[in-house]
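Working notes, structure below.
Since we're looking at a predicted model, the values are computed, not measured.
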Amino acid sequence: MKKVIYSLCLLFALTAMSPDASAQQAKSARNDQFGLINHWAIGVDLISPDGFGINVGTCITPWLQVRAGYSIVPWSITKWPFSIQGVGTQGQPIAADIKLNNEDVHFEAGAFMTRHTGNIMFDFFPSRKSSFHFTVGMLAGNDNLITLKNTKPLDDRFKGVGIAFYPGGDKTATNLHQVIVDKNGNLGLTIGRRWIARPYVGLGWGSFVPSKRVGVIFDMGLEFNGGMGVIVDARDIHNLDLETGKPVRGMLDRAGLQTLLEDMSGKAADASTLQVLDAYQTLSTLPVTGYVKLALVVKLF
């Protein structure tokens, strides 16, 4: 009888210990799967505002991963990709007639989007059983998004000729600046961000270091860039020397952009242009923009 009672007690003890032992084993297995830099992965961006990108990453703890990467946008557009009524026809060169030195100039232009971006991101997982994660990080690279400039050099007689703009629309300003045709015959503007380094916060689904060999990771959030707008390399009207004059780089406000467009076209802005300028004012003063990215990831080991 004593042996039977002893056996029953031993069986009860083992049964009571088994859930705790199973939990410990599961925790140990989970920690072993995602431990300190014990797994690495590589990812390729499928959708990204920063163009084509490659990232590498690793796990720090079961609840924390880090990734870093590099992206490039190598594209340019010199012909209209689609027709816009009253503006351009698909397949035709992007062109406009502008005023330079009181002369009408046929200006053929292109949009050049070559830029480079580096990033580092930290992913926090509230639960290791879930693919949901919070992300904080930093993006850094060119401040320009798109550079707009002529595709053919302008005649030598236009080198140094400028188009004036007036910050705040104040045409009585004495520190007048101009966007000028440079020594290579180029006249250009840039659509860009105020900040080169841009903090990022967001959330997403998926693990950069997947539990299986291949996976996907989706991110959505906000990048803090100080606002986006038209950036100019302008020169003081009193020193337009192309060799010694130091350009002043800055973002145009709404009024400054309006006067620049009016002087460039030689006529007052119409109603549709004013609507675009109103939208520009909001965009250029909003310090954040949305950010969405989808990447294919492969666990290396």
Side-chain angles (χ1 to χ4, degrees), residues 37 39-61 63-77 110-125 133-149 188-209 216-234 246-253 280 282-298 300:
I37 315 180
H39 292 293
W40 286 79
I42 187 170
V44 177
D45 293 342
L46 302 177
I47 299 173
S48 171
D50 297 316
F52 175 77
I54 296 179
N55 302 269
V56 294
T58 186
C59 43
I60 305 298
T61 72
W63 296 272
L64 174 63
Q65 294 181 4
V66 61
R67 46 186 160 128
Y70 165 81
S71 302
I72 182 172
V73 177
W75 308 309
S76 63
I77 300 173
F112 301 90
M113 294 172 278
T114 302
R115 64 179 189 271
H116 308 269
T117 305
N119 72 80
I120 182 168
M121 302 287 181
F122 295 89
D123 299 322
F124 300 90
F125 295 83
H133 59 265
F134 295 101
T135 301
V136 298
M138 181 70 70
L139 300 146
N142 307 69
D143 58 355
N144 65 301
L145 292 170
I146 302 172
T147 298
L148 306 172
K149 66 178 184 179
L189 301 171
T190 296
I191 299 174
R193 314 174 180 95
R194 292 185 189 276
W195 300 345
I196 294 177
R198 310 182 303 276
Y200 169 84
V201 295
L203 49 83
W205 290 264
S207 173
F208 189 85
V209 182
V216 294
I217 182 170
F218 174 75
D219 293 290
M220 59 184 297
L222 297 172
E223 71 164 34
F224 294 79
N225 54 29
M228 295 192 302
V230 176
I231 299 173
V232 296
D233 289 317
K246 294 183 178 180
V248 177
R249 185 172 175 84
M251 185 176 292
L252 292 177
D253 57 16
Y280 172 82
T282 301
L283 183 64
S284 63
T285 55
L286 189 66
V288 299
T289 57
Y291 189 94
V292 175
K293 185 163 77 169
L294 177 69
L296 176 71
V297 292
V298 178
L300 300 175

With sequence neighbours left out, what residues match [X] under side chain to side chain contact (heavy atoms under 4.5 Å, CB included)?
X      : answer
Asp50  : Ser48, Ser71, Thr117, Leu139, Arg193, Arg198, Tyr291
Val297 : Phe208, Pro210, Ile217
Met220 : Leu203, Trp205, Phe218, Val292

Can you tell me how far [atom2] of [Y] sits from [atom1] of [X], rounded to the nearest 0.5 angstrom?
X      : Y      : atom1 : atom2 : value
Arg67  : Ile42  : CZ    : CD1   : 14.0 Å
Ile37  : Ile60  : CD1   : CD1   : 5.0 Å
Ile120 : Met138 : CD1   : CE    : 10.0 Å
Thr190 : Leu252 : OG1   : CG    : 10.5 Å
Arg115 : Thr147 : CZ    : OG1   : 10.0 Å
Asp143 : Trp195 : CG    : CH2   : 13.5 Å

Heavy-atom donor-acceptor pair, [X] side chain to [Y] backbone, under 3.5 Å:
X      : Y      : answer
Asn144 : Ile146 : no
Arg194 : Ser284 : yes
His116 : Asn142 : no

Should Ile191 and Met228 be marked as a side-chain contact (heavy atoms from CB on, under 4.5 Å) after you check the CA-CA gap, both sets of side-chain angles, and the distance that decides it?
CA-CA 7 Å; Ile191 299 174; Met228 295 192 302; 5.7 Å; no
Report the C-alpha distance between Tyr200 and Asn119 in whole Å, list the side-chain angles of each, state the deciding distance to 0.1 Å, and finish with yes or no for side-chain contact (heavy atoms from CB on, under 4.5 Å).
CA-CA 10 Å; Tyr200 169 84; Asn119 72 80; over 6 Å; no
Test side-chain contact (heavy atoms from CB on, under 4.5 Å) on Met113 and Ile77 and set out the steps.
CA-CA 8 Å; Met113 294 172 278; Ile77 300 173; 3.9 Å; yes
